[in-house]
Number of protein chains: 2
Amino acid sequence: MREAARRAGVSHNAPYRHFADREALLATLAAQGFEMLGQAMRGQTGRGMGEAYVRFALQYPQRFRLMFGGQIRLEKYPRLRAAAASAFDQLQAAFSAYGGDVRSAAAAAWSLVHGLCHLILDGHFAQRDEDFVKRVLAVVRFAVGPQRSL
Amino acid sequence: MREAARRAGVSHNAPYRHFADREALLATLAAQGFEMLGQAMRGQTGRGMGEAYVRFALQYPQRFRLMFGGQIRLEKYPRLRAAAASAFDQLQAAFSAYGGDVRSAAAAAWSLVHGLCHLILDGHFAQRDEDFVKRVLAVVRFAVGPQRSL
DNA sequence: GTGGTATGTTGACATCGTCTACATTAGAGG
DNA sequence: CCTCTAATGTAGACGATGTCAACATACCAC
């Protein structure tokens, strides 16, 4: 909080006129992040959405960590939960054209790109260039229908 | 640090006799977590390893967050990096029997289960029971060979 | 002009991670 | 047994932080 005030050039307590507490400030920043993420995925389809997701995480790593670092309790900030759900809905919509267990397929796709972001940011992979991301994403198939494949 | 000392029933500075600083303490706990994770996956194969991974995360959520929360810089703790790599190696070994881009396939599998853990822990999914996990993992196929499928 | 609301400031408090200095304990070597 | 040393613990302090209460200022509606 004090650091935020410092950067804004105001006294150390000014932020409390705009945010209830530290967590509320962070929740606002996280919600903004989810809107940015949704914006980044807008218009993309299929694998392009996944790549946009990863690109966002690599471009704004701190923001991504804030959004998904588990430091902010979703239950406490309905606006935050809504922003996150809105982003996820875009991903799920990309799967709705296919039959089968759409919800599970979308969850799997989200998990895949999400985990990839985390592991790259944590430095668990030797490579982190866009080619590596494309190659990893290219490896998976989603069996949405009884026989279908995406 | 002070809380740790409190729980151990010693003075607030005693922990500094055993750990250089807060980050070193957390790094030790994280490394221990990676060993636990490796233990949990030992003996499992294929999807069973993924399920074990998720089970571990759901059983020890705080530990999992510590291990992958990005608060500890891997570069600074070689032992930690080694413990993490060792766990990942198990996963990768499960793919080595198949041809194709083994490294990418293993990375994708790790990303999938890892992202699933994070999203479940963050409360982004309505369900979090073992059935849901099984269903999500069942949806994906890994195209390891030119024509092969796992 | 007056009252109220939004915004900012000052000062204080408890807590935290960390440093320095000092005390205690335990074991090894004479 | 005595002494020296290393390991371990303690006390006190410092700066930084999140937060609260009290007070000040600016602006807008009536």
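We use all heavy atoms of the structure for the numbers below, so side chains are in, but hydrogens, waters and symmetry mates are not. Every value quoted in this text rests on a predicted model; they were computed, and no experiment measured them. Order of the sequence lines sets the chain letters (A, B, ...), proteins ahead of strands, with each chain counted from 1.
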Give the rounded distance in Å between these two atoms: [atom1] of [X] and [atom2] of [N].
X       : N      : atom1 : atom2 : value
B:Arg2  : C:dC19 : CZ    : P     : 13 Å
B:Met1  : D:dG15 : CE    : P     : 21 Å
B:Glu3  : C:dA14 : CD    : C1'   : 15 Å
B:Leu25 : C:dG17 : CG    : P     : 10 Å
A:Asp21 : D:dG18 : CG    : P     : 11 Å
B:Tyr16 : D:dA13 : OH    : P     : 18 Å

Ignoring hydrogens and angles, does a donor from either the side chain of [X] or the base of [N] sit under 3.5 Å from an acceptor on the other?
X       : N      : result
A:His12 : C:dG11 : yes
B:Asn13 : D:dG12 : yes
A:Arg17 : C:dT5  : no

Sugar-phosphate only, base, or nothing, as touched by B:Arg22 at under 4.0 Å among non-hydrogen atoms: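 Answer is sugar-phosphate: B:Arg22 comes under 4.0 Å of backbone atoms only.
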Phosphate OP1/OP2 of D:dG9: any B:His18 side-chain N/O under 4.0 Å: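 For D:dG9, OP1 or OP2 has a side-chain N or O of B:His18 closer than 4.0 Å.
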Minimum-distance nucleotide (side-chain atoms of B:Ala14 versus D:dG18, C:dT9, D:dG9):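 The closest nucleotide is D:dG9.
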Nearest listed nucleotide, side chain of B:Arg6, among C:dC16, D:dG18, C:dT10: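 My answer, after comparing the listed nucleotides, is C:dC16.
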Ring centre gap for B:Phe88 and B:His114 strictly below 6.0 Å: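 No, the ring centres sit 6.0 Å or more apart.
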A:Asp131, A:Val139, A:Val133 screened by side chain to side chain contact (heavy atoms under 4.5 Å, CB included) with A:Arg135, the one that passes: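 So, applying the side chain to side chain contact (heavy atoms under 4.5 Å, CB included) to A:Arg135 and each of A:Asp131, A:Val139, A:Val133, only A:Asp131 qualifies.
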Distance-only side-chain donor-acceptor flag, B:Gln32 / B:Arg63, under 3.5 Å: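 Yes - a donor-acceptor pair under 3.5 Å links their side chains.
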Salt bridge (Lys or Arg N to Asp or Glu O under 4.0 Å) between A:Glu51 and A:Arg47, worked out: CA-CA 6 Å; A:Glu51 287 167 20; A:Arg47 239 171 271 283; over 6 Å; no
